Amino acid sequence: MTHSAPLHVPPHAELRAVVQVIGVASALGAPGHGPAAGPAALQHHGLLQRLKGTGIAASWQETLIPLTEPPPGAQMRERLDAVGGLAQRVADHLTALAPGVFPLVIGGDHAVGIGTWRGIATRLAPRGALGLIWIDAHLDSHTERSTHSGNIHGMPLAALLGEGDAALTGVSGPKLAPANVVIIGARAWEHEEHERLTRLGVQVFDMAEVRERGMAAVFCDALSVVRERTAGFGVSIDLDALDAAAFPAVTCPETEGIAPDELCAALLALRGCGDFVAMEIVEYLPERDPGGMCADWVANLAGAALGPSTYLLRAKEREFGAHNYAPLPVVFHHGKGIWLWDVEGRRYLDMMSAYSAVSFGHANPRLLRALNDQAQRLALTSRAYSNDRLPLLMERLCGLLGYERVLPVNTGLEAVETALKTARKWGYKVKGIAADKAEIIACEGNFHGRSITIVGMSSEEQYRDGFGPFPAGFRRIPYGDADALEAAITPDTAAFLVEPVQGEGGIIVPPTGYLARCAEICRRHNVLLIADEVQTGLGRTGRLLGCDHEGVHPDGLILGKALGGGLLPVSAFLADATVMDVLHPGDHGSTFGGNPLGAAVALEVLAILEETRPWEHAARLGERLMARFRDARLPCIREVRGRGLLVGLELDPARLRAPVAAELLLARGIATKDTHNTVIRFAPPLVITEAELDAAAELVIDTLAAAGAHRGQEPLQP
């Protein structure tokens with residue numbers, strides 16, 4: 001863990017303040033010399049830089065090499081003595097490290113583990129015993145008498161437990177207690193090894209059990225074993241524990257092993273363990289990794305285990321970041337589908353999907369492929385030139401949504417600003433409004449972004465406080481009241497800007513027929529109807545567009561969020577030529593708007609939309625979710641409202657405050673957020689299944705029921 005400036009956090013928050021990498025360039029115990037090149041290859045590939053990029057204060061202390069190396073064909077006695085001598089040097093080196101240092105040992109073959117863990121046990125001895133998680137495809141528990149291969153890298157665990165030749169067992173330091181040692185991922189062994197470990201009482205979670213129960217569950221059980229009655233524990237990873245198809249760069253590859261990403265996810269749990277005292281990664285064979293893919297995985301494994309914790313990362317954000325957000329107490333590390341994992345490996349169901357931006361799930365493989373393929377070809381040219389992706393996106397958007405022109409930008413705010421500028425210019429050039437007199441009507445409770453212009457339209461006082469003066473020419477009317485729109489229109493009105501459902505406003509659904517009536521009023525008065533579908537568009541509400549519920553085709557359409565697939569900010573303003581053609585070269589622009597990378601992702605988003613029609617799924621599941629909440633009849637819920645998979649629960653603040661409810665749900669593994677301190681919103685990725693949504697609803701109902709009953713009628717406080 002590291003920071004670049006003094007950080008005011010308690011000392012215990014920096015669990016591994018200084019990581020020192022010790023390479024051991026040895027293949028004395030292996031059948032070939034290849035693993036000896038592992039430390040240097042990983043160092044050259046940028047292991048240290050990758051660790052620092054993860055937020056780890058790491059330095060490469062040094063790389064140890066054998067002082068003597070037996071010639072090929074040397075007798076076992078000579079080889080045992082050489083391995084034992086190197087192990088003693090490793091143990092002495094680790095013992096001498098400063099007390100505040102966290103050692104990361106990079107091998108070399110696994111025989112170096114004898115020195116690693118005797119040295120670490122010696123460091124820990126004044127405080128107590130050492131526990132050890134040994135992640136390996138093999139049991140590594142032979143002695144010189146039982147070995148079938150004659151390779152000493154198959155003996156280190158037996159030696160650490162005190163069995164084998166004196167050259168290995170005699171390395172200074174406490175021997176490990178078998179009850180504090182766990183093996184994970186074994187799938188290839190001889191009967192002598194298994195009998196030895198069974199006799200000694202070492203617990204083995206073999207690969208069959210890992211497949212049956214899952215890596216996360218097995219790793220959790222292993223932590224319980226190695227932390228019981230110990231002062232600390234270490235983790236040793238022989239890379240042949242990984243599946244050979246995904247990680248071929250090892251001395252003794254074995255099929256059907258641990259998936260690298262699953263091991264990374266499990267190792268995240270170590271970030272919150274103050275008693276995690278050392279780590280070892282061995283048996284990397286660079287000659288089998290010409291592209292560096294496996295070297296990247298080594299960095300990922302180390303980074304997953306040693307990276308900063310939630311506490312420290314949030315402290316950094318508070319100290320170095322502007323305080324314009326108050327995020328919930330979680331730091332997310334990765335996501336897949338509908339799930340998110342925090343930096344300690346805890347899993348959460350994403351019921352926010354980044355305000356509808358992640359409609360197709362985290363790490364959607366089709367979208368990632370489109371992103372990666374395009375990133376390798378061309379990412380950005382600016383609109384000074386054309387690129388080969390944007391014209392296709394423009395054509396697809398116009399064809400799918402029934403417009404003649406599209407103006408691409410990045411964020412939803414940019415798209416709203418673009419619509420406002422276009423509407424005003426249309427008002428002057430086409431409708432004939434006098435110069436600087438054009439008006440645009442918006443609604444109370446709107447949320448169109450946070451620029452100076454847009455917050456000037458807002459009815460939320462906090463959004464406006466301290467940011468005036470605001471541009472003139474905007475009026476607000478009550479949302480859902482078509483008569484108010486009719487009354488507000490004047491000859492100077494250019495446009496009416498409206499959300500089909502107010503998301504940030506509290507998941508407010510207008511009365512049936514509202515949008516259709518507004519469209520008729522706007523047509524009659526020659527006023528542009530502009531729909532802000534940044535959050536409601538592309539399937540979220542149970543139709544392709546929110547306006548489709550009433551068969552309304554607005555004069556201008558604003559899209560964003562889901563259009564970028566949760567990977568990039570991609571937004572757009574669409575209109576017909578009679579509106580859009582008031583813009584000429586130089587009137588409006590965006591350096592990144594319409595970039596080929598974003599266009600490639602958006603094209604794949606549209607392809608997924610047309611193939612899967614997720615709005616049909618959203619309509620059915622949204623009704624099911626709202627019915628579940630209504631049927632629960634919880635006293636703390638005042639109203640259930642929504643459309644498709646955009647659902648809000650308005651809570652009674654006398655029984656349960658919405659911000660408190662959001663934190664309670666987070667503690668139960670549901671990631672959502674309140675709005676206006678009264679409404680909890682639910683907008684999961686559209687790929688969520690019925691069973692997953694039912695399980696989430698049950699958890700939400702159980703959590704809110706328990707919280708709402710807390711202390712009788714007294715509301716819970718944060």
Side-chain angles (χ1 to χ4, degrees), residues 401-407 409 412-449 451-459 470-502 510 514-534 536-537 545-547 550 552-560 571-583 587-588:
L401 300 171
Y403 290 93
E404 295 174 346
R405 301 280 192 271
V406 57
L407 198 162
V409 289
L413 179 150
E414 282 186 78
V416 171
E417 290 276 357
T418 300
L420 296 177
K421 289 176 67 175
T422 306
R424 277 184 168 175
K425 192 159 189 178
W426 174 88
Y428 298 131
K429 301 298 183 182
V430 177
K431 186 173 181 178
I433 298 172
D436 297 332
K437 296 295 184 181
E439 293 181 346
I440 293 174
I441 299 172
C443 292
E444 300 284 344
N446 74 76
F447 184 82
H448 300 293
S451 69
I452 289 286
T453 299
I454 294 172
V455 298
M457 295 189 294
S458 178
S459 57
F470 302 106
F474 296 98
R475 303 181 64 185
R476 289 197 307 271
I477 61 172
Y479 183 66
D481 186 345
D483 290 336
L485 173 63
E486 179 104 54
I489 291 175
T490 73
D492 292 333
T493 303
F496 173 48
L497 176 63
V498 65
E499 299 161 272
V501 176
Q502 287 190 335
Y514 170 68
L515 286 178
R517 174 101 190 279
C518 289
E520 184 275 325
I521 292 169
C522 287
R523 280 195 301 273
R524 182 156 36 87
H525 290 280
N526 194 24
V527 169
L528 299 178
L529 174 65
I530 300 177
D532 180 348
E533 296 242 25
V534 169
T536 56
L545 298 175
C547 290
E550 296 190 10
V552 169
H553 184 76
D555 301 294
L557 175 66
I558 302 169
L559 292 178
S571 300
F573 174 57
L574 293 94
D576 284 342
T578 54
V579 174
M580 197 76 81
D581 285 358
V582 301
L583 298 178
D587 283 355
H588 188 63

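For this chain, numbers begin at 1 and follow the sequence in order. The structure presented is a predicted model; accordingly, all values stated were derived computationally and were not measured. Only heavy atoms go into these numbers, but all of them, side chains included; no hydrogens, no water, no symmetry mates.
- Annotation: side chain of K431 is in contact with side chain of V527 (closest heavy-atom distance under 4.5 Å).
- Applying the 6.0 Å contact sphere to NZ of K425 captures more than 12 heavy atoms from other residues, nucleotides or ligands.
- Closest approach of V582 to V579, counting heavy atoms only: CG2-O, 3.2 Å.
- Under the 3.5 Å distance criterion, the side-chain polar atoms of E533 are matched with a main-chain donor or acceptor of C547.
- Across A519 and V552, no two heavy atoms sit closer than the pair CB-CG1, 4.0 Å.
- Note that the NE2 atom of H553 and the CG atom of L401 stand 8.5 Å from one another [nearest 0.5 Å].
- The two atoms that bring L559 and G537 nearest to each other are CD2-CA, 4.4 Å, heavy atoms only.
- Atom CH2 in W426 sits 14.0 Å away from atom CG in D581 (nearest 0.5 Å).
- Ring pair F496/Y514 is perpendicular by interplanar angle, where above 60° counts as perpendicular and below 30° as parallel.
- Under the 3.5 Å distance criterion, the side-chain polar atoms of H525 are left unmatched by any main-chain donor or acceptor of I489.
- Shortest non-hydrogen contact noted between D576 and G402 is OD1-O, 4.1 Å.
- Considering all non-hydrogen atoms of both residues, L420 and T453 come closest at CD1-CG2, 3.9 Å.
- Annotation: the span from F447 atom CZ to L413 atom CG amounts to 8.5 Å, rounded to 0.5 Å.
- Side-chain atoms of N446 come within 3.5 Å of backbone N or O of M457 as a donor-acceptor pair.
- Although no hydrogens or angles enter the test, the distance criterion places no donor-acceptor pair under 3.5 Å between the side chain of E439 and the main chain of R475.
- With respect to the salt-bridge test (charged N to carboxylate O, under 4.0 angstrom), the residues D555 and R523 do not qualify.
- No donor-acceptor distance shorter than 3.5 angstrom exists from the side chain of D532 to the backbone of I558, with no hydrogens or angles considered.
- Pairing each heavy atom of V498 with each of Y479, the nearest pair is CG2-CE1, 3.8 Å.
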Report the C-alpha separation of T490 and T493 in whole Å, then their side-chain angles, then the decisive distance to 0.1 Å, and conclude whether the side-chain contact (heavy atoms from CB on, under 4.5 Å) test is met.
CA-CA 5 Å; T490 73; T493 303; 3.5 Å; yes
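- When the salt bridge (Lys or Arg N to Asp or Glu O under 4.0 Å) test is applied to E444, the partners found at least two apart in sequence or on another chain are R476.
- Here the CG-CD1 distance, from L485 to I521, works out to 5.0 Å after rounding to the nearest 0.5 Å.
- For the atom pair E417 CD and I452 CD1, the distance stands at 10.0 Å (nearest 0.5 Å).
- Among residues two or more places apart in sequence or in another chain, the salt bridge (Lys or Arg N to Asp or Glu O under 4.0 Å) test is passed with D436 by none.
- Here the side chains of P554 and Y403 are in contact, with some heavy-atom distance below 4.5 Å.
- Contact of the R524 side chain with the E486 side chain is registered, since non-hydrogen atoms from C-beta on lie closer than 4.5 Å.
- Contact check for T418 versus H588: side-chain heavy atoms found under the 4.5 Å cut-off.
- How far CD of Q502 is from OG1 of T536: 11.0 Å, rounded to the nearest 0.5 Å.
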Going through the distances and angles, do D483 and R517 end up as a side-chain contact (heavy atoms from CB on, under 4.5 Å)?
CA-CA 9 Å; D483 290 336; R517 174 101 190 279; 3.0 Å; yes
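- E550 contributes a side-chain N or O that, together with a main-chain N or O of L515, makes up a donor-acceptor pair within less than 3.5 Å.
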Would L497 and V416 count as a side-chain contact (heavy atoms from CB on, under 4.5 Å) here? Give the steps.
CA-CA 9 Å; L497 176 63; V416 171; 4.2 Å; yes
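- With a 4.5 Å cut-off on side-chain heavy atoms, E414 and F573 do not count as touching.
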